[in-house]
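Right, one structure below, let's go through it.
None of these values were measured; they are calculated from a predicted model. Counting starts at 1 for both ligands and their atoms, following the listed order. Start at 1 with the first residue, then count along the sequence.
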Amino acid sequence: MHNFNAGPSMLPEEVLREASAAILNFNNSGLSVLETAHRTRPIMDVMEEARALVKELMLLDDDHEVLFLHGGATTQFMQVPMNLLHKKDIAAYADTGVWSSKAIREAGYFGKVEVVCSSKDRSYRSIPKDFALPNDARYFHLTTNNTIYGTQWHQIPDVSVPLVADMSSDILSVQRNFNQFGLIYAGLQKNMGCAGASVVIVNRKWLDKIPVKISPIMDYRNHIREHSMLNTPPVFAVYVSMLTLRWLKAKGGISEIEKINQQKSDMLYAEIDRNSLFVNRVDVTDRSRMNVIFELTDEKLTSDFTQFTTERRIYGIAGHRSAGGFRASLYNALPLSSVEVLIEAMQDYEKRVQAK
Ligand code: PMP
């Protein structure tokens, strides 16, 4: 299958094979990874290796701590302001789609939120360019890649307050200066493994300054102190993540995968722009390299094109239920050959329609 799902999404075959084997017999222990106690050496090694690989691949400095926590990115919409925003504080947010809107709503439970820029009036087809932040904002939150609308921040704005980023749909796909962020979070189920947990990368110096007491299980400082083992961690999700991180390292790391991601998305956008049947309405400079959205110029062909691609084992290209159209997610694990298959299907479909 050519799996273009937006998440949970395609994982490398090697990862699936190794994870399957470990479900039956983990590290030749005769036990499944699912039935191994979390405070045993082999599982603690998994937790440590996963965190160390994130640090290594993202070139993080010693101030940045890596946590694997229960729950998805949506949990982080709440946990970030719970830790960092208190009643009278202001947080600045960029509104670039459904996910950032949800993050904005959650932050409102904890403090004042100022939406400093929005592309809503442009149907979220662009990334805001000119905006100013309140000087006293505790942080500025942005969603680096907008999974539903197919836009991406290719330039991270240079701001004077700490940056917080939801990188759920482009983490590990593109090289950035990750040390410039106060906090980064991402659900694991796109570029980093399977669903059920998130990675949180936080500058510990920033947290040291927080005087507030919050529920211990929600407090990042406790998770740092206990090395992501404050309670029973999501062992299997972290294990799959560790295998995915090993796979990425063997591929040459972020800089190498970024080249392939660039090539995949360039090829697909070129075909959408060339093909008379399809259109992408996102501002060219803000197009996402991870989630490529496109529409048929004649909507009536939607089910016919869907069937045409299904026959070629192309899977998961329906657009998000709120956006319609099509979306091809080109995460790290998706090979270039799958993009070629999709492009060929688009070309053959164009010929078929034109011949009618
Ligand atoms: N942020 C972004 C950018 C997403 O794409 C998603 C899910 N697709 C979420 C947040 C929500 O993630 P979760 O379902 O893991 O809570």
Side-chain angles (χ1 to χ4, degrees), residues 3-11 67-82 93-107 109 115 118-120 124-128 139-154 156 163-174 176 178 181 183-201 218 233-234 236-238 240-241 244 261 265 282 286-293 316-334:
N3 184 354
F4 291 91
N5 256 345
S9 40
M10 184 164 185
L11 286 170
L67 302 172
F68 281 92
L69 302 179
H70 292 274
T74 307
T75 312
Q76 294 309 312
F77 294 165
M78 170 270 293
Q79 199 167 356
V80 165
M82 185 184 261
Y93 275 71
D95 170 24
T96 52
V98 165
W99 301 115
S100 32
S101 304
K102 290 190 177 182
I104 289 165
R105 192 185 60 204
E106 290 288 329
Y109 287 99
V115 178
S118 172
S119 46
K120 192 172 182 178
Y124 294 124
R125 286 180 193 143
S126 62
I127 291 293
Y139 60 83
F140 172 53
H141 178 285
L142 76 168
T143 313
T144 49
N145 184 73
N146 297 284
T147 327
I148 297 176
Y149 303 97
T151 62
Q152 192 171 16
W153 292 80
H154 294 298
I156 300 298
L163 275 169
V164 173
D166 173 2
M167 292 196 186
S168 291
S169 50
D170 68 359
I171 195 158
L172 303 172
S173 71
V174 55
R176 292 190 170 106
F178 299 106
F181 292 85
L183 191 144
I184 294 167
Y185 62 91
L188 299 183
Q189 68 270 24
K190 301 179 200 293
N191 272 334
M192 270 189 84
C194 63
S198 299
V199 67
V200 174
I201 295 151
M218 286 290 134
F236 188 66
V238 180
V240 175
S241 209
T244 310
N261 290 334
S265 54
V282 172
D286 301 331
R287 284 173 165 182
S288 166
R289 288 183 202 160
M290 289 282 98
N291 309 100
V292 176
I293 61 167
I317 58 166
H320 187 268
R321 59 187 189 280
S322 68
F326 295 92
R327 168 175 57 178
S329 297
L330 314 181
Y331 298 126
N332 287 352
L334 184 95

Q. Side chains of His320 and Val98: does their closest heavy-atom pair fall under 4.5 Å?
A.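 Of all side-chain heavy-atom pairs linking Val98 with His320, none is under 4.5 Å.
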[X] heavy atoms, cut-off 4.0 Å: which ligand 1 atoms fall inside?
{"X": "Asn145", "answer": "3 (C)"}
{"X": "Gly72", "answer": "15 (O), 16 (O)"}
{"X": "Thr143", "answer": "3 (C)"}

Q. Under 4.0 Å between a Lys/Arg side-chain N and an Asp/Glu carboxylate O for Asp166 and Lys102?
A.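 Result for this pair is no, no salt bridge flagged.
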Q. Does the N or O separation between Thr75 and ligand 1 drop below 3.5 Å for any pair?
A.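 No.
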(Q) For ligand 1 and Phe77, I'd like to know whether there is a polar contact (N/O to N/O, distance under 3.5 Å). (A)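 No, there is no polar N/O contact under 3.5 Å.
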Q. Which bit of Thr74 is near ligand 1, meaning a heavy atom under 4.0 Å away: side chain, backbone, both or neither?
A.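 Within the 4.0 Å criterion, Thr74 contacts ligand 1 through backbone and side-chain atoms alike.
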Q) Any idea which part of Ala73 is under 4.0 Å from ligand 1, heavy-atom wise: side chain, backbone, both or neither? A)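 Under 4.0 Å from ligand 1, Ala73 contributes backbone and side-chain atoms.
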Q | ligand 1 contacted by Ile148 (non-hydrogen, < 4.0 Å) | A |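 The answer is no, since Ile148 has no heavy atom less than 4.0 Å from ligand 1.
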Side-chain donor/acceptor of [X] to backbone N/O of [Y], under 3.5 Å:
{"X": "Ser9", "Y": "Ala6", "answer": "no"}
{"X": "His141", "Y": "Ser100", "answer": "no"}
{"X": "Asn332", "Y": "Leu172", "answer": "yes"}

Q: Determine, considering heavy atoms only, which of Met167, Lys190, Gln189 sits nearest to atom 8 (N) of ligand 1.
A: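 Comparing heavy atoms across Met167, Lys190, Gln189, the nearest one to atom 8 (N) of ligand 1 lies in Lys190.
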Q. Roughly how far apart are Lys190 NZ and Asn5 CG, rounded to 0.5 Å?
A.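 That separation rounds to 9.5 Å.
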(Q) Starting from atom 1 (N) of ligand 1, what is the nearest protein heavy atom, named by residue and atom, and what distance separates them? (A)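 Here the nearest protein heavy atom works out to Asp166 OD2, 2.6 Å.
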Q.
Can you report which non-hydrogen protein atom sits closest to atom 5 (O) of ligand 1, along with the distance?
A.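 Nearest neighbour among protein heavy atoms for atom 5 (O) of ligand 1, to 0.1 Å: Thr147 OG1, 2.5 Å.
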(Q) Assess, by modelled atom type and distance only, whether the side chains of Asn261 and Ser173 contain a donor and an acceptor separated by less than 3.5 Å. (A)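 Absent: no donor and acceptor within the cut-off.
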Q | Distance-only polar pair, side chains of Asn291 and Tyr331, donor-acceptor under 3.5 Å | A |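 A donor-acceptor contact under 3.5 Å links the two side chains.
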